[in-house]
Amino acid sequence: MTFSPEFEQRFTEMLTHYPSKRSVLVPTLLYAQDEVGYLSDEAITEIAQRLQLTELDVRNVISYYSMLTTKPRGKYNVQVCTNIACILRGADDLWEHCQKKFGLRHKQTTPDGQFSIEEVECIGACSWAPAMQVNYDFHENLTKDKFDTILDGYKKKA
Amino acid sequence: MPDVNITVDGKKVTAPAGTLLIEACKTVGIEVPAFCYYPGLSLQGACRMCLVKVEKMPKLQTACTTVISEGMAVTTDHEEIHQARKSMVELLLGNHPLDCPVCDAGGECELQDMTFSYGASESKYTEAKNHKEEQQWSPVVFFDRPRCILCYRCVRVCDEAMDVAALGIQNRGSGSVIAPNMGDHLDCEECGMCIDICPVGALTSGAYRYKTRPWEMNHVATACTHCGDGCKTTLGVRRSETGMEIVRGDNRDKSGPNGDFLCVKGRYAFDFANRTDRLTQPLVRRNGKLVPVTWDEALTYVGQKLAEIRSQSGGASMGVIGSNRTTNEENYLLQKFARVVLQTNNIDHQRTADFAAFAAALAGRPDATASAREVFDAPAILLIGNDPTEQHPLLAYQIRNNVRLHKARLYVVNSESVKLRRQATLFSQIPSGSEAAFAAFLAGGDVANGANRDEWNALRDQLRKETGLVIAFGSELRGASIASLNKFALSVQGAKLICLADYANSRGAADMGVYPDLLPGYVPLIQGSKFKAEWGTLPDAAGLTLPGMVDAAKSCKLKALLVVGANPVFRMKLDPATFANSFLVVQDLFLSETAAVADVVLPAASAYEKSGTFTNTYGDVQLVKQAGEITGTKSDFEIIVRIAERMGYDVAKLVPFGSGSRADMGQSRGAQSGEADRHAVWLEAQGLELKMNPFDPTAVFDEIQRLVPGYQVSRLNLMAGNDQHTRLDQNGGGAVGDPALIQPANDGLFSSGSTGRYSKTLNTVMENRNRVEMPKVAAD
Amino acid sequence: MADLVSHPDEIKVVSKRFGQGAADIDRYLALDGYKAAQKALPMTPDAIINEVKTSGLRGRGGAGFPTGMKWSFVPKDSPKQKYILCNGDESEPGTCKDRLILEHDPHSVIEGVMIAGLAVNAESGYIYIRGEYRYLSIIMQKAIKDAYARGFLGKNIFGSGKKFDVYWHGGAGAYEVGEESALMESLEGKRGIPRIKPPFPAVVGLWGSPTVINNVETLASAPHIILDGAQKFADYGTPKNGGVRLFCLSGHVNKPGVYELPLGYSLKKMIYEVGGGIPGGKKIKAVVPGGSSTPVLTADEIDIAMDFDGVAKAGSMLGSGGVVVIDESTCMVRFAQYIMKFYQHESCGWCIPCREGTDWLKKTLDRFHAGGGVKKDINNIQYLAENMMGRTFCPLGDAAAMPTISIVTKFRKEFEDHLEGRPCPYDPVGSVRLLPVLSH
């Protein structure tokens, strides 16, 4: 399978950073996921071969990290933090609001494949709680209204 | 390593520096419990069962990861420790299904034992247990996830000990699960080590599951009947309608050269013995058809016929084909029968390695062969030809783990990119058929073709620097090449050799003189005065080889042929009509291709149903113990004796029974009832037990020990179930024959051997492998 | 991205370049950037280590191990390659300070890594940033590239003839990877399972080589110590608790944010003055002093000095600097439940007590808060947590057990108030939402 030139460039460069090939695995998986949308069987086979690992080994690693997924998900993954600092500032209401808004449950995707929602643990935005990430973008000091405005922005992009 | 002194529960313990606390405790009889710790596998510290108190340490420490240090004071028995272990068991039982009454592991379960020891009887949880359906990963591997306690033994044994790495750990936290390499099934060597090592019933065997309760079995320690490696195996045996059924194969006491190890055949392919199409009644050809007759009829007929042919056409018109899977005693008896009863040297077997040339090459160096155990400790190993992973799984296991645990250097020279190259310090891939050239090169020759020149030179230089090198070679090397290799071995300090042959007792057949030109111990016929002194006159001229007998049969010169535990029609791809003009008698377990064209077929007992000894390809002799009997069969030993008797021969001359001492066997009941058994063991070990009937193999073993050079091993050790390395003790003997006589079978792990083809489990595994596309893994 | 705050009591050391555009290398240089590294270059490794020891700097990741001592553990005679590993896997709930350093002052981290490298004769360093912080990875990658371009990194750093490389590395979501040996496993491309210790990373670390591993803030402190003098840094704080540190105020405070305050600063003052008090003038019920792993303090336990020893005296830990304030309206059972939800999610699953213990605690707390609790559950929660304490493979088990034990002992009455199917008396809305838990 083919990845983007940027991926290839980064991959090639990263290999020079470590004394062992395998060390590039975790960031490589995340970048591959960013391109494909998830870690497809094809992507796993490709990465395993490049790093001379078994596919089992790669899957063992993938299944360990919470950001990595072997199942397709929405173009925009809405990750609402429900850890303590966020909960104290209303994250459970926000998460409920999020579920209702999309009509989805944890880790489900809209039928059009645009949005997935996910309840996540601490994302390091405790002092700006409640917070969420849409893909890698942080959105903080949220209220339901602010949440709606932000999501509307993504909907327009979708 | 200098010694370190510690105290454990007030006891003084001295152990070498670097010893793990858990092992040091064992030396003074203090058992520290553990699920994840397993000797020889990497450390985990995961189960937290081995927590102990170490003085000056604030927290409890894991004994499995703590290395002892001078003055360490350890407590293993304390309320805090007991509570810690109890809570671990409680946590495990929280999700563990309590289906012990039907679980295969019930009665042999480490979690049950720990629960018994630490008394986690109170159920603390209200929530339902996590349930997952059982999965089948291969015909022989089943996985019951809720039972799994995540000790990771299976993952490690597969990866570290087997170098297969077919099992992984997926997800994390309470979702962690053992996963097979192909998503929902396994692509592996099907060795079953994962099942054997599982402390609970999470991994169970397709061949054994739900068949019995462990305490309903008799456990019989014997030798495996498949390849030439001679793994010790414990058979779990139950009574059945046919007499007995073998339900399980493992290596319970781990006392054999194989330790934990068994391969797919050793673990599962014993089931050929259980087949319902085993021959259980003698068959005699009448009007062109084989019909069942009584043993008495069949034996009388065979005896009369053979006696008649012997008096009419002479011994030279008769032939005997011996077996690679009958016992040493049977092989010895068979060649003695041929020579003294039939009066012929026309005796041979399917030779899968050139042991005769090996014996000739090593003449005068009786201790130049390496045992299976030595392979695990050798500082360096050279492997020429063969693919041990497929053909000698124990050898591969020993090499692999020697490299892993002892950092041995492995040199592999092979025409294929065999799997052991992964452990090799140096791997030289050579053109197929150039193994002999390589041996000649090692002996001091030069390389004609330049391709491998530098590599070979470097390799030879490096090998010469080794001490204690073990050289194992496959049947690619025969005749003069073995002599070359031996010449090279002489130039390496302490080098020892291993000649690799295919079947369970190929080495035994060779050692016992199932040759037309060699007596037991590779003694040439003309040097056989020692044997003549005991046996009387013997035919002097060398007899016909196996192909020679086939040719004689074709030209109607072979009037009679006795085939014991062999199948030449199948193996040599013969026209079934080849033996149409010979009186053909076949002793076998099944109606094989050869048996089907015989005049008389005699149902033989398998190696699980008789006693005696096997010698593996390394020359280690081991006890074969009878696990039970199948009604209607007789051991080849008994059949041969009975044929001799029907031919009018004095069987006391054939089998020196009745010798040994007379002894008071003691009481067999009451308070002293064990006395008789203990007494019998001692007598047996001294070679003094009563051999009260002519079917007692130990009577022949006495003769073997007396007459066959190299077999003067400790009888006591042998009887106690330990493998004993024989010496290849022959001065100027052996023979370098026609290399074409060597016909290896080259069976792999899954291809059928002589008996493996009758194993239902092995066939199921093979069919499954053929059905499922097996992609190459990236790491291979 | 994240809003910056300030308070007059702050002593800005690590945060002094925040909001000044110091991610740009020229701006960083204008703000005394890379002077410390150049000052350290001619110093002997021992001299650097002594400076750090004098500064009293203790690990800012949570455990508070003296940094200078950690550096001194690296065997000097080892022929192996040595590595510096910067732990930017900030994931401790309540903690969001490394994020600001990496965003506003990435070069100070690079410089800190270099100084650590000079202290132990390492030639390369890795900066591991958690996967969620993608934007910080981009900032860091650019900073590294710029530093190479200027010759600050590479084969001949600052023309000294010495070699030093710094690389960025990214995670992919795992709290456990914040544990130092699990971080090394992750960097080596494996599952983030901690390693058996000993050997410690200083002797056997990345790829079997001696490795110094420090938190982002710890390493970012090093340039200031070298440049401004160790004693000056030490004097900011209290004896044995040198310096200032970033405190992340969150939860029920009017002015949450990341404040750099001297060690030993009063917790009460921090909440009421720096943090502007509790919204709505409510009372405090409890305070998490140093990230979710630390035992909670009750309202009458907060009159303490925020340094390692001061918090320890109160029976908790200074931890990672995450101060989470909980007001009187909060249900502590629910709080315990959310803490356990986190640890259950993040347990690596390697050892029995953590894997099974967090799972059972979560299940029990879920049911309990939803009104399905029975009396023996309260003792059982405590029993489970106490039996995890000190017995797990790595500190995650303790991290899950400690807050739980503190909540169940200090707020036992709140547990009792939930008994016998009563809906949560503190949060009727929330408990109704959770009731479906009972149905399966």
Side-chain angles (χ1 to χ4, degrees), chain A residues 10 13-14 16-31 33-34 51 53 57-58 60-69 79 81-89 91-93 95-96 119-129 131 133 135-141, chain C residues 1-3 5 81 90-96 98-99 124 126 130-135 137 165 167-175 177 186-193 207 248-252 256-258 288 292 322 324-327 330 334-335 338-339 341-342 345-346 348 430 433:
Chain A
R10 192 192 318 266
E13 197 204 318
M14 276 204 304
T16 66
H17 292 177
Y18 309 92
S20 84
K21 252 189 184 180
R22 183 179 181 136
S23 295
V24 306
L25 181 60
V26 175
T28 297
L29 287 168
L30 196 53
Y31 281 112
Q33 176 171 294
D34 291 345
L51 300 179
L53 300 170
D57 213 342
V58 174
N60 295 344
V61 171
I62 292 170
S63 62
Y64 177 87
Y65 293 94
S66 59
M67 292 175 72
L68 301 175
T69 177
Q79 303 150 73
C81 172
T82 59
N83 204 292
I84 50 169
C86 287
I87 280 290
L88 290 174
R89 296 182 82 96
D92 45 1
D93 286 341
W95 170 236
E96 184 134 314
E119 184 183 357
V120 296
E121 295 301 340
C122 188
I123 53 175
C126 314
S127 291
W128 311 283
Q133 278 189 287
N135 295 347
Y136 292 108
D137 299 335
F138 279 88
H139 300 282
E140 294 159 342
N141 298 314
Chain C
M1 290 244 319
D3 303 334
V5 286
Q81 179 77 262
E90 179 170 72
S91 319
E92 174 78 11
T95 318
C96 48
D98 295 340
R99 190 177 147 195
S124 31
Y126 294 89
R130 67 181 293 195
E132 291 87 343
Y133 288 176
R134 170 60 63 83
Y135 80 106
S137 294
D165 288 308
Y167 307 107
W168 155 87
H169 190 91
Y175 168 73
V177 164
S186 177
L187 197 143
E188 291 181 18
K190 300 172 196 161
R191 293 163 58 83
I193 307 290
W207 305 291
C248 319
L249 266 178
S250 68
H252 295 139
V258 177
V288 174
S292 67
V324 187
V325 181
I326 303 157
D327 76 14
T330 312
R334 179 158 159 259
F335 192 75
Y338 273 88
I339 285 191
K341 171 176 82 87
F342 172 74
H345 185 259
E346 298 299 337
C348 78
R433 186 161 46 222

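In what follows, every chain begins at residue 1, and chains take the letters A, B, ... in the order their sequences are listed.
Minimum interatomic distance between A:Cys126 and C:Gly94 (heavy atoms only, all atoms of both residues): SG-N, 3.2 Å. Smallest separation of non-hydrogen atoms from A:Val61 and C:Gly189: CG2-O, 3.6 Å. The two residues A:Met14 and C:Trp168 make their nearest non-hydrogen contact at SD-CZ3, 4.1 Å. Closest approach of A:Thr16 to C:Tyr167, counting heavy atoms only: O-OH, 4.5 Å.
Both the backbone and the side chain of A:Thr82 come within contact range of chain C, each with at least one heavy atom under 4.5 Å from a heavy atom of that chain. With a 4.5 angstrom heavy-atom cutoff, A:Ala129 does not touch chain C via any of its atoms. Contacts of A:Glu13 with chain C are absent, with no heavy-atom separation under 4.5 Å from either backbone or side chain. Residue contact with chain C, scored on non-hydrogen atoms closer than 4.5 Å, is absent for A:Asn135. Using a 4.5 Å cut-off between heavy atoms, C:Glu92 contacts chain A through its backbone alone, with no side-chain atom that close. Heavy atoms of C:Val325 lying under 4.5 Å from chain A belong exclusively to its backbone.
Note: C:Glu132 CD to A:Ile123 CD1 = 8.0 Å, rounded to the nearest 0.5 Å. In this structure, OG in A:Ser23 is found 7.0 Å from OH in C:Tyr126, a value given to the nearest 0.5 Å. Rounding to the nearest 0.5 Å gives a distance of 7.0 Å between CG of C:Asp3 and CD of A:Glu140. In this structure, CG on A:Leu25 lies 11.5 Å from CG on C:Leu187, to the nearest 0.5 angstrom. Annotation: the span from A:Cys122 atom SG to C:Arg130 atom CZ amounts to 6.0 Å, rounded to 0.5 Å. How far OH of C:Tyr133 is from CD of A:Gln133: 9.0 Å, rounded to the nearest 0.5 Å.
Here the side chain of C:Arg134 pairs no donor or acceptor atom with the backbone of A:Tyr136 at under 3.5 angstrom.
Considering only heavy atoms from C-beta on, C:Pro256 comes within 4.5 Å of A:Arg89 through its side chain. With a 4.5 Å cut-off on side-chain heavy atoms, C:Ile326 and A:Ile84 do not count as touching. Here the side chains of A:Ile87 and C:Phe335 are not in contact, with every heavy-atom distance at 4.5 Å or above.
In terms of heavy-atom pairs under 4.5 angstrom with chain C, the leader among A:Ala85, A:Pro27, A:Ser20, A:Ser63 is A:Pro27. The greatest number of non-hydrogen atom pairs below 4.5 Å with chain A, out of C:Gly170, C:Gly131, C:Gly192, is found for C:Gly192. Contacts with chain A were tallied for C:Leu249, C:Asp165, C:Val324; C:Leu249 has the most, counting heavy-atom pairs under 4.5 Å. Of the listed residues C:Gly251, C:Gly322, C:Gly171, C:Ser292, the one with more heavy-atom pairs under 4.5 angstrom with chain A than any other is C:Gly251.
Taking the side-chain contact (heavy atoms from CB on, under 4.5 Å) definition, one finds that A:Ser66 meets it with B:Arg172, C:His345, sequence neighbours left out. For C:Cys248, the side-chain contact (heavy atoms from CB on, under 4.5 Å) partners at least two apart in sequence or on another chain are A:Ser127, C:Thr95, C:Cys96, C:Lys97, C:Val258.
Both cation-pi conditions hold for C:Arg99 and A:Phe138: the charged atom is under 6.0 angstrom from the six-membered ring centre and inside a 45 degree cone around its axis.
Donor-acceptor pairing under 3.5 Å is lacking for the side chains of A:Tyr64 and C:Ser186. For the residue pair C:His169/A:Tyr18, the side-chain donor-acceptor check at 3.5 Å is satisfied. With no hydrogens or angles considered, no side-chain donor-acceptor pair links A:Trp128 and C:Ser250 at under 3.5 Å.
A:Lys21 and C:Glu188 are not joined by a salt bridge, as no carboxylate oxygen comes within less than 4.0 angstrom of a charged side-chain nitrogen. C:Arg191 has no carboxylate O lying under 4.0 Å from a charged side-chain N of A:Asp57, or vice versa, which leaves the two without a salt bridge.
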